[in-house]
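Both counts, for ligands and for their atoms, begin at 1 and track the order of listing.
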Amino acid sequence: MNLLVTGGAGYIGSHAVKQLISLGHRVVVIDNLFRGHREAVPSEVPFHQLDLAETGEIIGVLKEYKVETVMHFAALTYVGESVNKPLWYYRNNTAGALSLLEAMEICGVNRFVFSSTAATYGEPDSVPIKETNRQAPINPYGRSKWFVEGILKDLVIANPKFGFVALRYFNVAGASADGIIGEDHEPETHLVPNVLYAAMGKRDKITVFGNDYPTPDGTCIRDYVHVDDLISAHVLAMNSLRDGDAKFYNLGIGHGYSVGEILNTAKSVTGRDIPTEYGERRAGDPAQLYADSTVAQTELGWKPVHTDVNEVIESAWRWHTSHPNGYGSRRQDV
Ligand code: UDP
């Protein structure tokens, strides 16, 4: 298959590129390198530094590489940042997807695998969350992706040859088994890397955002899915796509861990102390998000391999300790 991977230099996108080329697919990457790393994309993979807003240039890429399917990862992904800069999130995530979809329409590219998010559910009315749960995002990040889901539904009605799958990610963590690529964000806001940075002494401490939630230990509960398992679901979803498909799948392991449990696991995996303080709740954070991913498992045959959060954190720890300055370390290595 000829694929365009947007955001292929980012954390999740780079793991997708790696898995897709190992399966023999032909991949071209676009990424604006705002938060991505050129080093995360293998040198043999064609790379174009482009922003999603550059519709004309994207058309050129779709034509040049005879793209059949687009996997769309490029996005801004921080809940807190989205609360402070909503227009920026709608511009990048919603208008950016629109520009990409327009380019695809012009080129007759009709297969789309979309990175959606559990944040489209907002404060869930029940857990574990099923695809049929009410979607009511409570922050601009979730809403920016939810709007795209709506656009995609409209598109499939207008063009029965179009087929898409929207994959609603829960919390993605971990790194590739060979330790070559991993998570390297600037700024880093995610829990798992920040906990490990605190263990490494790269940060003074970790701040737990709220311990007064209605959960057993008072901290937020999330479902941490390994990045390689997440990408396996993308491959299965891509292979299943047919004309007229409008599919939605939750991608999580189906088990929630509290922030407190993640801290304890990280202490045992690293054998280090993790200085911790308790702070205010972070705006836009629901108390509990964990998936019922039965539909992905039964319809796609998806079976996450790394279902123990220990393994997820171990793989992240291997990456961070071998790349203490992220891709910066790699540049110094070579
Ligand atoms: N969190 C925290 N301290 C941090 C970062 C995150 O307590 O430094 C909490 C956050 O409030 C949420 C969970 O950890 O409940 C996961 O947050 P993360 O930013 O990793 O992912 P998100 O849930 O926003 O996608």
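- Checked against a 6.0 Å centroid threshold, the rings of His48 and Tyr65 count as neighbours.
- Using bins of under 30°, 30° to 60° and over 60° for the plane-to-plane angle, the ring pair Tyr197/His320 lands in the perpendicular bin.
- By the 3.5 Å distance cut-off applied to N or O atoms, Phe209 is counted among the residues near ligand 1.
- Distance from atom 11 (O) of ligand 1 to its nearest protein heavy atom, with residue and atom name: Asp285 OD2, 2.5 Å.
- If you check each of Asn194, Thr189, Thr219 against atom 5 (C) of ligand 1, the one with the closest non-hydrogen atom is Thr189.
- Ring planes of Phe147 and Tyr90: tilted class, angle from 30 to 60°.
- Assignment of Tyr224 to the shell around ligand 1 is supported, since a heavy atom sits closer than 4.0 Å.
- Under 4.0 angstrom from ligand 1, the non-hydrogen atoms of Ile206 all belong to its side chain.
- Within the 4.0 Å heavy-atom criterion, the part of Arg282 lying near ligand 1 is the side chain and not the backbone.
- Of the inter-residue distances, the one linking Asn93 atom CG with Leu76 atom CG reads 5.0 Å to the nearest 0.5 angstrom.
- When only interatomic distances are considered, the shortest N/O to N/O separation between His190 and ligand 1 does not fall below 3.5 Å.
- Summary of contacts: the protein heavy atom closest to atom 20 (O) of ligand 1 is Leu191 N, 2.7 Å.
- When heavy-atom distances to ligand 1 are checked against a 4.0 Å cut-off, Thr77 has no atom that comes that close, whether in backbone or side chain.
- Less than 4.0 angstrom separates some heavy atom of Cys220 from each of these atoms of ligand 1: 15 (O).
- Ranked by closest heavy atom to atom 8 (O) of ligand 1, the top entry among Asn171, Thr207, Val192 is Thr207.
- Stacking of Arg222 on the aromatic ring of Phe170 is not recorded, the 6.0 Å distance cut-off and the 45° axial limit not both being met.
- With hydrogens and angles ignored, the 3.5 Å screen pairs a side-chain donor or acceptor of Asp223 with a backbone N or O of Ile253.
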